[in-house]
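The next block holds one structure in the form of structure tokens; read it before the comments.
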Amino acid sequence: MSKVPAILAPTEQDIQMLLAAQSHIGTKNAEVRMESYVWKRRNDGIHIINIGKTWEKLVLAARIIAGIENPADVCVISARPYGQRAALKFAQYTGAQAIAGRFTPGTFTNYITRSFREPRVIIVTDPRTDHQAVVEASYVNIPVIALCDTDSPLQYIDVAIPTNNKGKHAIGLAYWLLAREVLRLRGTVARSAPWNVMVDMFFYRDPVEEAEKEAAETSVEKTGGYGGEYGGEWTVEAEPAGGAEWVATGAGPAGVAAIATSAPAADAEWGAADGGDWGNDTAGGWGNA
């Protein structure tokens, strides 16, 4: 970390977040130009990325982005679903433009198209998935910042940020750290205070899981939590003196007490026939012949 000024050095929490998000986990394949970012290779063949160089490149990319006067001249591109939410959030907080989803060919080269743009720098999530944008940027001399895994091609890439670009947590954390560093360099966010935006906002969310959660929450709200199918609570209402039916429109325990107090005295002993003992009849005990 000697290449980074002391003020820009990462904290222990930043390193722990990178490790927790598995940003250091690469692939079994490694490009020749990405070998300088590899720390070592595990016994199972997985390459481990050097977290120190990841932070150095994050700071370098943030300084490049912060040096652009108009934030809208920065374009974030992500065709991979895991990076689309992160790209949109990065654009929201830094003022950049976002292209989430399919990249329309000719966006940077064909001025006739409705989606034509002329950014000063672009950020891509994966050089292999976003190769169309990288190639067009090379035609018009646009610098490219990319999140690169150990197997990512570095052709036409100006600034490679070595990180795991296949995990949703690693991608979201990389964009969150980059956005935070850009805002700090611009002076929008104080470096001494933590950023009030949670990193979870940059993580990919499965639409199916979100729909199931919303359906479960809606069903709980409709039923009132514990009220059964139609909501509310089951209560009873007191009937007249001769009534003996339970009705579900009373006032809860008060209704039960009302029924107990309103019942006739003659019905208190259900087994009493003539006011005597149920085991005795007029002819004497049941066991007498």
Side-chain angles (χ1 to χ4, degrees), residues 3-5 8 23 31-34 36-37 49-50 53-80 83-84 86-111 113 115-165 170-171 173-188 202:
K3 296 182 180 180
V4 177
L8 302 178
S23 300
E31 287 285 333
V32 175
R33 287 187 285 181
M34 284 295 297
S36 60
Y37 302 110
I49 299 173
N50 191 336
K53 294 187 177 182
T54 300
W55 183 262
E56 289 180 4
K57 287 306 186 75
L58 277 171
V59 173
L60 175 61
R63 294 173 67 180
I64 294 172
I65 297 170
I68 298 176
E69 298 178 358
N70 185 10
D73 288 339
V74 180
C75 186
V76 190
I77 302 169
S78 179
R80 176 168 291 180
Q84 292 180 8
L88 291 171
K89 291 295 181 181
F90 179 88
Q92 174 185 349
Y93 290 110
T94 61
Q97 303 180 59
I99 301 178
R102 181 180 180 273
F103 180 82
T104 304
T107 300
F108 297 152
T109 56
N110 189 359
Y111 64 91
T113 60
S115 60
F116 178 71
R117 303 183 186 186
E118 291 181 296
R120 294 187 59 185
V121 65
I122 67 171
I123 308 170
V124 297
T125 305
D126 188 355
R128 183 172 281 108
T129 306
D130 303 317
H131 68 281
Q132 181 66 31
V134 174
V135 171
E136 289 191 12
S138 68
Y139 293 160
V140 292
N141 297 325
I142 298 176
V144 179
I145 301 172
L147 304 181
C148 298
D149 211 330
T150 57
D151 62 345
S152 299
L154 297 184
Q155 189 176 16
Y156 306 129
I157 303 298
D158 297 284
V159 178
I161 302 175
T163 185
N164 178 10
N165 62 6
I171 294 174
L173 179 61
Y175 275 109
W176 183 82
L177 291 173
L178 188 61
R180 187 189 67 174
E181 194 63 29
V182 169
L183 294 178
R184 285 179 173 179
L185 292 173
R186 289 176 179 172
T188 307
F202 286 69

Please confirm whether the backbone N or O of [Y] pairs with a side-chain atom of [X], one donor and one acceptor, at under 3.5 Å?
| X | Y | value |
| --- | --- | --- |
| Trp176 | Lys89 | no |
| Asp73 | Arg120 | no |
| Thr129 | Asp126 | no |
| Asn50 | Tyr37 | no |
| Arg117 | Cys75 | no |
| Gln132 | Thr104 | no |
| Asp130 | Ala79 | yes |
| Ser78 | Ala100 | no |
| Thr188 | Arg184 | no |

Any Val140 side-chain heavy atom under 4.5 Å of Glu118 side chain:
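Side chain of Val140 against side chain of Glu118, heavy atoms only: no contact under 4.5 Å found.
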Using every non-hydrogen atom in the two residues, find where Ala62 and Glu181 come nearest and quote the distance to one decimal.
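Nearest pair, atom of Ala62 first, then Glu181: CB-CG, 3.5 Å.
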In a check of side chain to side chain contact (heavy atoms under 4.5 Å, CB included) between Ile65 and each of Val74, Thr94, Leu60, which one passes?
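Exactly one pass, corresponding to Val74.
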Identify which one of Thr150, Leu147, Thr54, Asp149 satisfies the side chain to side chain contact (heavy atoms under 4.5 Å, CB included) criterion when paired with Asn164.
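Going through the options one by one, the only one that passes is Asp149.
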Over 60° means perpendicular and under 30° means parallel, so classify the ring planes of Phe116 and Tyr111, tilted if in between.
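Tyr111 and Phe116: perpendicular rings.
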Verify whether the ring centers belonging to Phe108 and Phe103 lie closer than 6.0 Å.
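Yes, ring centres under 6.0 Å apart.
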